[in-house]
Amino acid sequence: MTSNVALIKNSSWLDFLRKTGVWISILVVIGAIYGYLTEPQITTSMLASTLRQSTPLVLGALCGLLGERSGVINIGIEGQMLLSAFTGFLANVYTGNLLVAVMVGVLTGALLGGLLAFMSVTLKMDQIIGGTVINILALGLTGFFYQTGLTTQGKLQPIELGPLASLPLVGPVLFENPPITYLAIILVFVMHYMLFYTRWGLRTRAIGEHPRAADTVGINVNRMRYINVIIAGGIAGLAGAFLTLEAVGSFERAMTNGRGFVALAVMIFGKYMPFGVWGSALLFGFATALQTQLQFSGTIQIPHQFIGMLPYLLTIVVLAGFVGRTRPPASEGKPYETE
Amino acid sequence: MSNTDKQVVLEAKGISKHFPGVIANNNVDLALHKGEILALLGENGAGKSTLMNILYGLYHPTEGEIWIKGQHVQLQSPRDAIAHGIGMVHQHFQLVPVMTVAENVILGAEVTTFAGRIDMRQAVREVSELSHKYGLAVDPNAVIEDLPVGIQQRVEIIKALYRKADILILDEPTAVLTPQEANELFQIMRELTKQGVSIIFITHKLKEVLAVADQIAVLRRGEMVGSTLPSEATEASLAEMMVGRNVILQVDKSEAHPGAAILQVEDAHVLDDRKTSVVKGVSFEVRAGEVLGVAGVQGNGQRELVEALTGLRPLTQGRFIIDGHDATRYTPRQITDLDVAHIPEDREKHGLVMAYPIEDNTILNQYYETPYSSGVIVNRKAIENHALKLVEEFDVRTPSVTVAASTLSGGNKQKLIVAREFSKPVKLLIAAQPTRGIDVGSIEFIHQQIIKQRDRGVAVLLVSAELDEIMSLSDRIVVMFGGRIMATLPIAEATREKLGLLMAGSHG
C-alpha cells in the first residue's frame, strides 16, 4: 500500500490523468474527430484557437504554481503579465528585434518577481497585499506611459515543424505554431521534471510545505524563495510577451483582461501540478475559443456580452464546484520566521 | 577532564547565552563520552533547548567554547554541526508530511546523477540499509503523514544517521509517544550506543532518566546545578535538583465522593478542521465530586472533543447534557453560564488575550456581569480589585495587573487562567492539558487547585497526554484512541502498562 501511495504522489500527472484526464481526453478526441468530419474548417480553427488562448494561461499558472510550491502566493501575475507585455512591446517598437523584445518582457516579469520576493520574503508583508501592489503598479505605469500610434515591425510568426505540419487536423493545430506557444508546452514538461525528479524540485516542494524542516537540514529557505519567485516572474513575463509580440502585435490598456487571475484558477484546478495546469488551461482556452467562435458565427441570438462571459463563468463554476479537495502547499502565504 | 576512560566526543566549556533581558545559559559545562547516553534534565525554561540549539549551530553562544572530538569548533549553522557529526531530533518533527520517508531523509543531502536528477533508487537502498543496521524498521517509500509518530521519530533518527551523525541530540523525544513506544525508543537508543553513537537525551520525565541514562546532568535557571549517575539518584533527589527545593510529586488527595452526573455525553461525533471524523461516537459521564481523566496520545480526538463540549465546535451526531440542560447546540457563552469552567489546551491562543492587560484577562468569562459592567460601561475599579485579588490568591507573579498577559511566563499564564475560571461558581471543570510545558512549582499548585475543586463537589473532566498527571489526579480514567473510547477504568485498576496498551489501540 505504501509504495503505491508514494508512486501516485510522485507521478502527479499519472494521478491526474487517471482521475479526470482519461475521460476528458476520450471525449475531446471523439468530439474533435466528429467535428472534423462535419465542419473541418471550424474545428481546426477552434482547436488552434484553444491552444493559442491557453498559452498565456499555462504560463501564468506555471508562474503561480512555482511561487506557491515554494510557499509564496502570487496574485500579481496579472500585473507581471501586463507590464511585461508593455515593455516587450516598447522594446519591439524601438529595437525592431523580436528576440530582444521577448527578453525584455521576461526580464520585466522577473524584476517584478524580485519585487514580490522582496515584499513577501524580506519585508514579510502580507503576500496578497504584495501581489495587489504589483497589479496596481503595472496598471498605473502602463496606463501612464502608453501612447497611441506606436507601430511595430511585426510579430512572432508560426514555425512549421516539417512534415508533421501537413498532417490533417493535428498538423495545423499542433505543429504550426509561433515560438512562445511551443515554449509553453515545453515548459510544462520541464517544470514537471524539475519539480519531481531533481534536487531543486525536492527542495522547492519542501520549503513550500515545511520550511523549518528544510532549514534544519541546511537549506536556505529565503534564498530559494527569492530564486523561485524571480524565475516564476520571468515565466509570467513570457506570458506578457506572448500577448503583445505573438498574439496581438500591439499594446492596449489593461489588455491582460483578467488572464492573470484566470491563471490562478487554472493553477488551482490543475491541483498545483504542471500537467494538471496544462489540462485545465486547455479547458479554459477552449471556453475562450468557443465564445469567440459563437460571437463571430452569430448563429445564437444572445447578446455578445453574455457570450463573452463564458471563460469567467467557467472560472467561477470550476472553482466553486468542481475542484474538490485540492490541497495547496501547507506553508503558502506564510513568511518564514527563523527563531 | 574525563573521569571515565572513554573518549570525550563533545564538550561545552563555559557556555553562556544572553538574550535581551534574559540569561538563558550561564557558564554551562557539559561533557559527552563516546557511546554513552547523557540525560539532560531540567524544567521548561531552564535553558535546555537553548543549550542544544547552540550545540546544533542554531544559536551562537555569547561566551564559551565547543569542542568536538578534541577539536575546537565554531558552529555557525546547522550545516556546520551536521558536518561535525551532530544530528538532532527536534521535539516537533522536522519532516515534510506529504513526502516519502526516503525523500525526507535525503532532503538537503541529496545524491544526484547528471543535471541535478535525484538518484531515488540509491536513496531508498541507503535508507533500508540504515534501518537494518540499527534496527529501525521503516518503509522508505511510505509517506510521512500516513505513519504513526513513533515511526516518524525513527525517520528523524535515520535522517541524522544518513548524514553520518555519531552524536545524537534527542529533544524531549518521548513527549509524543505511548509508554510502549517510549520503551522501543529506549531499546533503539541502547542499540545505537552499542554501535558507537553518543546520545544527549533531553527530558523532564524523571522515570525515563533513571531507566535509560548513563550520566545525568541537571540544568536549573540556565545553570548546571550538578551531574549524577542513575545508580546514585532517585526521582525525589532529581526533582529537588531540578526545582531547587523539596517537591511533592504525589498529589495528596482523599477518596472521591461522587454525586449526581453533571456532564453526560451520548454518542458524540465531531469533525476536525479538515472535515474528517475524529470523534466517532463517544459516551461517558462525569459526576459531581469526581475527576474523570481522559488518557490518550495527542491527536486521537481529545482536542476536538473538548472543543465540542465547550461550544467551540459543532457535534455532527449525538448530544451532551450539562447539569440537566441539553447543551448540544449552546454557544460558548451559554455553556459558560451553566457554570462551566474551561482551561483550554492552548493557553496563548484560546486561554488569554495576549495583548490585553492581566486585569482584563481576569474577566473574560464574566465581563458582562455586575459588578464589572453596568449597561455598556465597564467598571475599571471593580475589575482592578478583582484582578489584584486573584493575582494574590493564585500566586501569579507579575509586577502589576496592567501589564500585558504576554509578559507572563508559561506557568503564570496558566495560573491566571485557572484563577479566572475558578473566580466564579463552578459546577463542571473541563481542563485540557492543564500543566503542559510549565514549571514543577506551578504544576503542583494547579493540581492542588483541581483537587480542591473536586472536593467542593465540582465535576472535573481532565484531558491530558501526561500519563502521570492522569494517574495522580483521576478517580476514573477513560482511554481514547482513534476517536473512540477504548475502556473506562476505575483508578484502582489502572496501571501504566494497561493504559499504555489501550492508548496504542490494543485491548490489553
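Residue numbering restarts at 1 for every chain, and letters A, B, ... go by the order of the sequence lines.
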Are more than 12 heavy atoms from other residues, nucleotides or ligands located less than 6.0 Å from atom [atom1] of [X]?
X: A:Met103; atom1: CE; answer: no
X: B:Lys164; atom1: NZ; answer: no
X: B:Arg436; atom1: CZ; answer: yes

Between atom [atom1] of [X] and atom [atom2] of [Y], what is the distance when rounded to the nearest 0.5 Å?
X: B:Phe93; Y: A:Arg212; atom1: CZ; atom2: CZ; value: 15.0 Å
X: A:Phe196; Y: B:Met120; atom1: CZ; atom2: CE; value: 13.0 Å
X: A:Leu202; Y: B:Met99; atom1: CG; atom2: CE; value: 5.0 Å

Do you know the tightest heavy-atom contact between [X] and [Y]?
X: A:Ala213; Y: B:Leu95; answer: CB-N, 4.0 Å
X: B:Pro78; Y: A:Thr216; answer: CB-O, 3.8 Å
X: A:His210; Y: B:Pro97; answer: CD2-CD, 4.4 Å

Any donor-acceptor pair under 3.5 Å from A:Arg199 side chain to B:Ile118 backbone: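 Checked: no pair found.
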Under 3.5 Å: donor-acceptor pair, side chain of A:Arg203, backbone of B:Leu107: no
Region of B:Thr112 that comes under 4.5 Å of a non-hydrogen atom in chain A: side chain
Chain A contact via B:His92 - side chain, backbone, both or neither, heavy atoms under 4.5 Å: neither
Lys/Arg N to Asp/Glu carboxylate O, A:Arg327 vs B:Glu145, below 4.0 Å: yes
Derivation and outcome, side chain to side chain contact (heavy atoms under 4.5 Å, CB included), residues B:Val98 and A:Arg205: CA-CA 9 Å; B:Val98 297; A:Arg205 286 181 291 136; over 6 Å; no
Greatest number of heavy atom pairs closer than 4.5 Å to chain A - which of B:Ala109, B:Pro140, B:Gly108: B:Gly108
For B:His269, all residues meeting ring-ring contact (aromatic ring centres under 6.0 Å, His included), sequence neighbours excluded: none
Top of A:Pro329, A:Gly201, A:Gly218 for chain B proximity - count of heavy-atom pairs under 4.5 angstrom: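 Between A:Pro329, A:Gly201, A:Gly218, the count favours A:Gly218.
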Passing option when A:Val217 is tested against B:Arg163, B:Arg79, B:Gln94 for side-chain contact (heavy atoms from CB on, under 4.5 Å):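 Considering B:Arg163, B:Arg79, B:Gln94, a side-chain contact (heavy atoms from CB on, under 4.5 Å) with A:Val217 is found only for B:Arg163.
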